[in-house]
Engineer: 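One structure is given below, represented as structure tokens, and several questions about it will come after.
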Amino acid sequence: MVRLSFFFMCLVLTSFSAQNVKWGVLSREEAELSDVHFETGASAVNLFRIGELTINDKNYTLEEYGRIKILTTDGFHKAQMKMSFPKDANIDLKAAQTLNLVDGKTVINKIEDFDIIKSEIQNTVEIAIAFPNVKVGSVIEYKIRTVSNNIVFDSPWSFQSDIPTLYSKLAMVNKAYADYRIILNGAKLNQKYAGKRKVDRWELHNIPSYKSFSHVYNTEDYREKIMFQFNVSRKHYAGYLSVNTWSGLKKLVNADVEESIGKGSFNKFSDEIRKEETKIGTLKNCIAYLQNNFQWNQELSAFAGSMNKEFLPQKTGNSADFNIFLHEILKQKGIQSHLAVTSLRSNGRMLADFPLLSNVQALINIVEIDDGEKLIIDAATSKLENIRYLQLDYYNRLVLNLDKNAGEFLEISPPLSEFLSSQELSTKITENQVVIENRAKGYFETDFLRQNMFNIFNGVRTSDSESGDFGEWKIQSQKISFENSSDNFLVIENPFTKLLKEMSVDNQRDYPICLSFPFLATIELKSHLAENQTIQIDRFEQKISAFGGKMQYQQEVTHAEDGIAIFTWSFLVNKTFFNIADLSEYLSFMQQVNAVAGKIAVIKYL
């Protein structure tokens with residue numbers, strides 16, 4: 001009966017939120033709400049957010065009315081509201097107040113002038129609002145007007161925030177001379193409104209917080225929100241403001257590249273750069289010459305200035321200047337490369353069905369070196385000492401390939417990273433010692449994968465020394481000591497336990513999986529067994545494969561001479577993007593591996 005009442009209250013509240021609400025008046029359902037049925041344990045909840053967006057020829061105006069309920073003490077941060085906007089925009093707090101229910105009556109505490117702090121940092125204005133008399137159960141409400149000059153492209157309304165939302169609605173009026181394309185972002189919005197024409201209002205119910213997203217490059221890629229972009233106008237033709245296909249955008253960018261190059265000659269620069277026996281050696285020399293003789297202005301861009309009039313004489317420019325220069329130099333050296341446009345992970349993914357101007361972020365080079373290997377290179381930021389491994393931020397799955405003889409999109413993935421760990425266990429009467437040597441190449445030591453997470457045994461680290469680099473490999477050695485168990489046995493746990501936990505996803509997931517980078521990790525444990533020790537294992541040897549061998553897991557144990565047992569665990573993940581159709585196979589693979597990983601080996605004293 002309690003469950004039915006709670007569910008009924010949620011339905012009533014959702015229905016109520018869709019109707020007209022009165023400023024300062026709480027409904028019974030709002031007052032009694034203490035948890036969110038689709039995101040239990042939430043610290044606060046948006047009871048509703050209602051917006052009216054009006055676009056004209058000079059700016060747009062957004063009128064927003066919102067109401068938030070504080071559910072736990074962890075939700076108090078929502079009563080410290082902060083808003084930031086460019087100096088050429090304007091945010092006007094029309095009204096704000098705290099509502100508390102005391103003895104069945106609503107007590108209102110209005111925002112005073114001293115509750116509002118306004119500050120300016122460079123070209124940004126920030127407004128901080130401290131709502132008064134906030135406690136668990138309080139409701140804060142506000143009305144804000146935003147006026148922005150950004151009428152080419154913007155994302156003015158998000159249905160999804162850092163807390164769950166019961167109801168959100170946006171209505172739009174276009175009074176501009178131009179036409180605008182509306183871009184729906186998010187599964188719920190597309191499921192409800194995709195393909196429908198002449199829609200000028202959108203609403204969603206029961207929207208979980210965007211914190212629920214995991215294993216994605218950028219939560220904004222999946223966040224429920226409305227974006228608009230200038231489409232066509234009687235004033236603009238055949239330019240970036242009117243292009244509406246990726247093929248059209250590709251032609252425009254290529255035309256800009258050709259204009260930037262002009263009639264410039266790169267022969268004299270090429271002559272100053274030594275050609276090595278290997279293509280990768282020559283590539284390194286080209287990048288070194290460029291980075292040593294020209295200064296990057298710290299700007300990522302897909303648009304360059306004139307090579308002859310600006311970049312070459314001034315010896316400074318943005319990333320597009322650097323990459324066009326490298327592209328032309330590599331031609332002189334007989335190394336094939338193609339320019340491409342990318343949108344970094346931190347900026348958001350490219351939408352294949354429509355070119356967003358915000359996705360046209362940076363030019364890069366796709367360079368073919370020895371044995372047909374292809375490298376992603378940013379001439380401004382690539383590191384010579386780690387030339388194969390460009391920053392992961394650049395690998396956002398799709399790039400716009402500017403090669404005129406190829407299609408629009410090229411799918412890219414970081415190169416395979418490798419990790420080898422040799423761990424040697426020596427057991428004694430009172431304590432045990434493990435000598436570890438780790439060899440890593442690529443992107444290990446990121447937030448996703450760290451070397452120490454593969455240590456089989458925890459204990460006191462007695463030494464930790466960097467052995468330096470060996471080519472592309474980084475070598476690290478350490479010793480770990482730990483006391484013997486009083487139970488006369490030692491458990492050998494799976495070294496991938498933490499990794500498997502990080503790679504796990506919800507069985508009900510309905511959006512793609514994005515892993516940071518592909519990797520091959522191999523852990524080897526040598527255990528020196530005394531005469532009074534034996535190993536107990538049960539069906540330890542296992543091999544599991546998925547996606548045509550792109551995901552593999554294997555574990556085995558062998559016995560060498562002199563009482564040495566060698567345990568080996570190997571984990572290959574050579575695929576980083578799993579679309580919705582891949583989810584069942586991914587989940588099945590992870591389920592099998594977790595079941596196998598749970599099989600432990602025990603060193604037992606006789």
Side-chain angles (χ1 to χ4, degrees), residues 416-429 431-442 444 449 451-459 467 470 473 475-482 484-485 487-501 503 518-546 548-574 589-606:
L416 187 74
S417 294
E418 297 182 61
F419 180 76
L420 302 173
S421 180
S422 175
Q423 305 183 28
E424 191 164 347
L425 170 67
S426 298
T427 59
K428 298 180 181 179
I429 297 176
E431 71 171 13
N432 305 302
Q433 187 179 79
V434 184
V435 178
I436 301 173
E437 182 182 89
N438 294 332
R439 294 172 176 253
K441 180 172 68 171
F444 284 91
L449 287 180
Q451 295 188 31
N452 288 338
M453 73 186 296
F454 299 123
N455 288 351
I456 299 172
F457 302 100
N458 294 318
S467 300
F470 185 76
W473 292 87
I475 303 174
Q476 181 190 66
S477 61
Q478 58 184 253
K479 291 181 181 179
I480 292 177
S481 297
F482 57 98
N484 257 328
S485 169
D487 298 324
N488 291 324
F489 64 84
L490 181 63
V491 176
I492 299 175
E493 296 185 354
N494 193 296
F496 294 129
T497 300
K498 295 179 181 177
L499 173 60
L500 291 171
K501 185 177 180 180
M503 291 179 61
F519 63 87
L520 171 61
T522 302
I523 316 298
E524 181 184 83
L525 172 67
K526 293 182 179 180
S527 177
H528 296 264
L529 300 178
E531 292 183 358
N532 65 336
Q533 291 177 325
T534 184
I535 295 178
Q536 291 185 349
I537 53 176
D538 180 25
R539 294 180 296 174
F540 187 82
E541 287 80 7
Q542 300 285 339
K543 184 175 182 179
I544 303 167
S545 179
K550 290 185 178 181
M551 294 187 77
Q552 294 184 35
Y553 174 84
Q554 185 172 359
Q555 63 182 42
E556 60 182 4
V557 60
T558 58
H559 296 273
E561 298 179 356
D562 301 326
I564 298 178
I566 303 174
F567 296 84
T568 305
W569 298 265
S570 181
F571 198 0
L572 170 68
V573 177
N574 201 14
F589 174 81
M590 292 299 296
Q591 184 179 18
Q592 294 178 66
V593 174
N594 275 300
V596 169
K599 298 180 181 296
I600 61 174
V602 177
I603 299 177
K604 191 172 183 179
Y605 290 86
L606 300 175

Engineer: Rounded to the nearest 0.5 Å, how far does CG of L520 lie from CZ of F419?
Structural biologist: 11.0 Å
Engineer: Just wondering, do L425 and F567 contact through their side chains at under 4.5 Å, heavy atoms?
Structural biologist: no
Engineer: Do any pairs count as a salt bridge (charged side-chain N to carboxylate O under 4.0 Å, His left out) and have a residue in residues 548-557, sequence neighbours left out, and if so which ones?
Structural biologist: none
Engineer: Test of understanding: with salt bridge (Lys or Arg N to Asp or Glu O under 4.0 Å), list the residues that count as partners of E418, not counting sequence neighbours.
Structural biologist: K441
Engineer: Can you list everything that forms a side chain to side chain donor-acceptor pair (under 3.5 Å) with K526? Sequence neighbours excluded, please.
Structural biologist: none
Engineer: For the atom pair NE2 (H559) and CD1 (I566), what is the distance rounded to the nearest 0.5 Å?
Structural biologist: 10.0 Å
Engineer: Under 3.5 Å, is there a donor-acceptor pair between the side chain of Q423 and the main chain of I456?
Structural biologist: yes
Engineer: Show the nearest heavy-atom pair for residues M503 and F519, with the distance to one decimal.
Structural biologist: SD-CZ, 4.2 Å
Engineer: Could you give the distance from CE (M551) to CE (M590), rounded to the nearest 0.5 Å?
Structural biologist: 6.5 Å
Engineer: With sequence neighbours excluded, tell me which residues meet side chain to side chain donor-acceptor pair (under 3.5 Å) with Q554.
Structural biologist: none
Engineer: Residues in ring-ring contact (aromatic ring centres under 6.0 Å, His included) with F496, at least two apart?
Structural biologist: F454, F571
Engineer: To the nearest 0.5 Å, tell me how far S477 OG sits from E437 CD.
Structural biologist: 6.5 Å
Engineer: Could you list the residues that satisfy side-chain contact (heavy atoms from CB on, under 4.5 Å) with Q552, not counting sequence neighbours?
Structural biologist: K543, S545, L572
Engineer: About how many Å separate CG of L525 and CG of N455, when rounded to the nearest 0.5 Å?
Structural biologist: 11.0 Å
Engineer: So, using side chain to side chain donor-acceptor pair (under 3.5 Å) as the criterion, who are the partners of S417 when residues are at least two apart?
Structural biologist: none
Engineer: How long is the gap from CG on N438 to CD on Q476, to the nearest 0.5 Å?
Structural biologist: 5.5 Å
Engineer: Using the side chain to side chain contact (heavy atoms under 4.5 Å, CB included) rule, pick out the option among V435, I436, V434 that qualifies with Q478.
Structural biologist: I436
Engineer: Of all the heavy-atom pairs spanning V573 and L416, show the shortest one and how long it is.
Structural biologist: O-CD1, 4.3 Å
Engineer: If you compare all heavy atoms of M453 against all heavy atoms of L499, which two are closest, and at what distance to 0.1 Å?
Structural biologist: CE-N, 3.6 Å
Engineer: Applying side-chain contact (heavy atoms from CB on, under 4.5 Å), can you list everything that pairs with A597, at least two apart in sequence or on another chain?
Structural biologist: N494, L500
